[in-house]
Visitor: 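Right, I'll just put the structure down here and ask away after.
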Amino acid sequence: MEGDDEMRNLIVILFGLGLLYCMAYLPSFIFFVFVGQYIQPILGVSQKVFFMGLNVVFVTLFLSYVFLNHHRQRYH
């Protein structure tokens with residue numbers, strides 16, 4: 001039974017990260033429209049790579065905000 005719980009937790013974590021990655025497309029698109037379209041040619045990367053990088057950045061920022069904010073609130 002322990003293996004089933006671990007597999008279920010892994011699936012939930014992967015689904016959650018995938019959902020966060022998909023949700024990061026909106027801020028990535030907004031950033032690309034206003035700033036990124038001018039930066040992308042300078043960096044010399046394709047639009048797909050640029051969006052993937054932005055998505056990773058926004059997911060990382062969101063997760064760090066959630067965990068750091070949760071950490072601060074626990075000790076107040």
Visitor: I13, M23: one ILVMFWY side-chain cluster at the under-4.5 Å cut-off?
Guide: no

Visitor: Same hydrophobic cluster for Y38 and F29, using side-chain heavy-atom links shorter than 4.5 Å among ILVMFWY?
Guide: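 Per the 4.5 Å side-chain linkage, Y38 and F29 are not co-clustered.
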
Visitor: Mind telling me whether F50 and F31 have parallel, tilted or perpendicular rings, with 30° and 60° as the class edges?
Guide: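 Geometry flag for F50 against F31: parallel rings.
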
Visitor: Heavy atoms only: give me the nearest Q40-Q47 pair and the separation to one decimal.
Guide: NE2-N, 3.1 Å

Visitor: I need the F58 CZ to L63 CG distance, nearest 0.5 Å.
Guide: 13.5 Å

Visitor: Kindly work out whether a path of hydrophobic side-chain contacts (I/L/V/M/F/W/Y, heavy atoms less than 4.5 Å apart) joins V33 to M52.
Guide: yes

Visitor: Verify the cluster assignment for V45 and V35: are they in a single hydrophobic cluster under the rule of side-chain heavy atoms below 4.5 Å apart?
Guide: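 Yes: a chain of side-chain contacts under 4.5 Å links V45 to V35.
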
Visitor: Answer yes or no: are there more than 12 heavy-atom neighbours, outside Y25 itself, under 6.0 Å from its atom OH?
Guide: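 Counting neighbours around OH of Y25, more than 12 heavy atoms of other residues, nucleotides or ligands fall under 6.0 Å, so yes.
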
Visitor: Roughly how far, to the nearest 0.5 Å, is CG of L54 from CD1 of I30?
Guide: 12.0 Å

Visitor: Are L19 and L17 connected in the hydrophobic side-chain network, where two residues link if heavy atoms are under 4.5 Å apart?
Guide: no

Visitor: As an exercise, state the distance from OG1 of T60 to CG of N55, rounded to the nearest 0.5 Å.
Guide: 10.5 Å

